[in-house]
Amino acid sequence: MPHSEPIKAVRGMRDILPDERRFWRAAENAAREVTGRFGYEEIVTPIVEPAELIERAGDDSDAFVKEVYRFVDRGDRRVALRPEATAGVVRAYFEHGLDKGPQPSRLYLLGPMFRYDRPQKGRYRQFFQLDVEAIGSASPALDVEVIELARDWLHRIGLRDLRLELNTIGDSKCRPAYLELLKEYFRPVKEKLSRDSQQRLERNPLRLLDSKAVEDAPHKMGAPRITDHLCDDCARHWELVQRLLNSANIAYELNPYLVRGLDYYTRTVFELFPGGRGGQQDALGGGGRYDGLAEAEGWASTPAVGFASGLDRVTELLATTDKGAATQPVAEVVVLPDGDLQLEAAEVARICRKARSTVVDYDSARFTSKWRLAEKAGARWVVLMRPGEAARRVARLREVASRTDTEVRWEELPARLA
RNA sequence: GUGGUCGUGGCUCAACGGUUACAGCGCUCGGUUGUGGCCCGAGCGAUGUCGGUUCGACUCCGACCGAUCACCCCA
């Protein structure tokens with residue numbers, strides 16, 4: 001009888017095993033701690049959103065049409081798995097009247113996102129993000145606040161060597177004119193540009209700036225810079241962001257080629273990288289201002305700024321940085337029944353759990369094996385049980401480190417383990 | 001989605017196209033031990049899948065699947 005093929009995880013989806021999971025826990029705990037310290041409150045939004053919400057937030061960009069998981073549900077609704085958190089958070093902010101409350105709303109969200117990309121290290125089809133949003137304020141101080149929060153979080157989990165790249169991309173007042181300037185600049189040399197860049201020239205000239213194609217490099221250098229063509233409001237905002245960063249003692253590098261492809265992004269954009277050099281998939285997080293998104297979703301025009309970071313990448317980096325960390329003990333107490341004492345062992349374990357984490361070895365036939373299990377579990381105490389003693393409701397408590405045995409009545413175990 | 005590299009037990013890895021696919025870690029069982037760590041012994045467990053070339057394929061070829069790198073995109 002032939003076995004059918006064993007079923008494996010879907011491509012791009014992965015399991016987080018206990019050994020790795022402890023890094024996730026550290027990252028999540030730090031996230032909750034740091035967001036709390038900044039007064040950000042947790043929000044949970046659905047993984048499934050109306051496809052139209054995602055599409056409006058994604059414009060008609062290639063990335064969104066190709067990468068979004070979309071399907072029609074049983075009620076003929078067109079839905080999508082969220083590729084990022086912001087669109088849903090902004091929807092929830094308006095749908096539940098958070099825009100009527102004190103402004104800005106400071107929110108954070110932890111959860112899975114989905115993108116139908118080609119998987120690679122640090123890039124998965126299901127990945128987890130910490131997402132932080134401050135919605136309802138145009139203050140440049142909030143741009144810096146989310147950057148500072150992101151930096152503090154990464155510092156707290158031990159990632160101290162970071163590089164912050166920063167840029168501004170103007171807004172709907174000044175960017176259109178700048179884009180025209182860009183097009184005028186590149187048109188004469190269009191034939192010399194890479195194929196991709198030639199296509200982007202008319203449709204999305206901003207993206208031409210972050211092209212990695214070598215043929216584009218010489219032309220990029222002389223291109224007009226947005227920072228020379230900002231409107232007064234954007235220039236003032238840009239100036240303030242930098243002054244605030246300086247006074248917060250946050251180092252940054254200006255990267256005039258750091259852009260966002262979508263129209264609703266405005267002004268500040270930033271990305272965080274690990275120090276030193278890494279692969280291409282090494283951005284730990286990024287964000288910026290998106291004053292145009294609320295309107296794109298059909299709500300009242302509302303300024304906002306946010307940040308998102310990939311937990312998969314952060315924890316992968318943590319694991320390489322922190323590789324010496326000892327694995328956590330599974331339990332502090334191991335109960336070893338010698339003989340047919342399952343009921344009694346279960347009861348003793350129940351008693352021990354009042355004081356300490358406890359596991360029972362119900363399986364090993366051999367006493368030596370039981371001891372080996374206790375060793376591997378990293379237990380501090382072993383509770384030995386034998387039929388004669390169990391009948392008297394006593395057990396022997398052994399402290400592993402000092403190798404000392406004491407006969408203890410079951411009821412006294414919690415006190416002795418405290 | 002495009003191009004490159006790679007795919008041997010749970011992990012790390014060995015095998016000129018030729019016996020029964022090497023070993024360590026691991027896991028199970030046992031010995032030893034002052035009831036446990038060390039040590040000793042036995043056992044478990046693999047050529048991603050399908051097809052092709054060949055007397056013979058882990059090895060060569062193709063497709064698929066998966067991983068990885070770059071592009072793309074970004075987290």
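Per chain, numbering begins at 1; letters A, B, ... match sequence-line order.
Looking at heavy-atom distances under 4.0 Å, A374(A) makes no contact with the nucleic acid at all. Nucleic acid contact class of Y124(A) (heavy atoms, under 4.0 Å, all strands): base. Residue-level contact check: V400(A) touches the bases, meaning some heavy atom is under 4.0 Å from a base atom. Residue L384(A) is in base contact, counting any heavy-atom pair closer than 4.0 Å across all strands shown. Using a 4.0 Å heavy-atom distance criterion, G287(A) is classed as making no nucleic acid contact.
When every heavy atom of Q129(A) is checked against every heavy atom of A85(A), the shortest pair comes out as OE1-N, 4.2 Å.
rG9(B) and rG4(B) have their C1' atoms separated by 29 Å, given to the nearest Å. For the C1' atoms, the distance linking rA67(B) with rU49(B) amounts to 15 Å, nearest Å. The gap from the C1' atom of rG1(B) to that of rG48(B) amounts to 24 Å, rounded to the nearest Å. A gap of 48 Å separates the C1' atoms of rG56(B) and rC73(B), to the nearest Å. Going from the P atom of rG45(B) to that of rG10(B) covers 11 Å, rounded to whole Å. Rounded to the nearest Å, the gap between the C1' atom of rU54(B) and that of rA46(B) is 24 Å. Atom P of rC11(B) sits at a distance of 15 Å from the matching atom of rG26(B), rounded to the whole Å. Taking the C1' atoms as reference points, rU47(B) lies 25 Å from rA42(B), given to the whole Å.
Across all strands shown, rC39(B) pairs with rG31(B); the Watson-Crick or G-U wobble distances both stay below 3.5 Å. Nucleotide rA63(B) has rU49(B) as its partner under the Watson-Crick or G-U criteria, with both atom distances under 3.5 Å. Remark: rG1(B) base-pairs with rC71(B); criterion is Watson-Crick or G-U wobble with both hydrogen-bond distances under 3.5 Å. Checking rC55(B) for Watson-Crick or G-U wobble geometry (two distances, each under 3.5 Å) identifies rG18(B) as its partner. For rG26(B), the paired base is rC44(B) (Watson-Crick or G-U wobble, both distances below 3.5 Å).
Under the 6.0 Å cut-off for aromatic ring centres, Y93(A) and W299(A) do not qualify, their centroids lying 6.0 Å or more apart.
rA75(B) atom C1' lies 14 Å from atom CZ of R82(A), rounded to whole Å. Atom pair D131(A):CG and rC74(B):P shows a separation of 16 Å (rounding to whole Å applied). Look at CG on D282(A): it is 9 Å from P on rA70(B), rounded to the nearest Å. Here rC71(B) presents its C1' atom at 13 Å from CZ of R207(A), a figure rounded to the nearest Å. The CD1 atom of I7(A) sits 15 Å away from the P atom of rG66(B) (whole-angstrom rounding). The CG atom of D312(A) sits 16 Å away from the C1' atom of rU68(B) (whole-angstrom rounding). Between the CD atom of E67(A) and the P atom of rA75(B) there is a distance of 10 Å, rounded to whole Å. Following rounding to the nearest Å, E271(A) (CD) and rC74(B) (C1') show an atom-to-atom distance of 7 Å.
At a cut-off of 3.5 Å, with distance as the only test, a side-chain donor of E133(A) or T86(A) sits close to an acceptor on the other residue. Side-chain contact, E145(A) with Y40(A): a donor N or O sits under 3.5 Å from an acceptor N or O.
Salt bridge E389(A)/R386(A): absent, no basic N to carboxylate O contact under 4.0 Å. Ionic pairing of R260(A) and E271(A) is present here: one or more N-O contacts between side-chain nitrogen and carboxylate oxygen are shorter than 4.0 angstrom. The residues E28(A) and R21(A) are annotated as salt-bridged, a charged nitrogen and a carboxylate oxygen being separated by less than 4.0 angstrom. Between R14(A) and E316(A), at least one side-chain nitrogen of the basic residue sits less than 4.0 Å from a carboxylate oxygen of the acidic one, meeting the salt-bridge criterion.
Along RNA chain B, the nucleotide closest to L284(A) and the one closest to Y116(A) are compared, and the more 5′ of them pairs with Y116(A). Between S309(A) and G12(A), the residue anchored closer to the 5' end of RNA chain B is G12(A), taking for each the nucleotide with the nearest heavy atom.
Both tests pass for R125(A) against the ring of Y116(A): distance under 6.0 Å to the centre and angle within 45° of the axis.
Dashed line: the shortest gap from a side-chain N or O of Q120(A) to OP1 or OP2 of rA70(B) is under 4.0 Å.
Side-chain atoms of R11(A) lie closest to rA67(B) of the nucleotides rA67(B), rC69(B), rA75(B). Closest contact between the side chain of R118(A) and the listed nucleotides rG3(B), rA75(B), rC73(B) involves rG3(B).
Side-chain atoms of S105(A) do not come within 3.5 Å of backbone N or O of I135(A) as any donor-acceptor pair.
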Please write out the pairs of protein N or O atoms and N or O atoms of nucleotides 25-27 of chain B separated by less than 3.5 Å, giving the distance to one decimal.
unit_1: rC27(B); atom_1: OP2; unit_2: K376(A); atom_2: NZ; d: 3.4

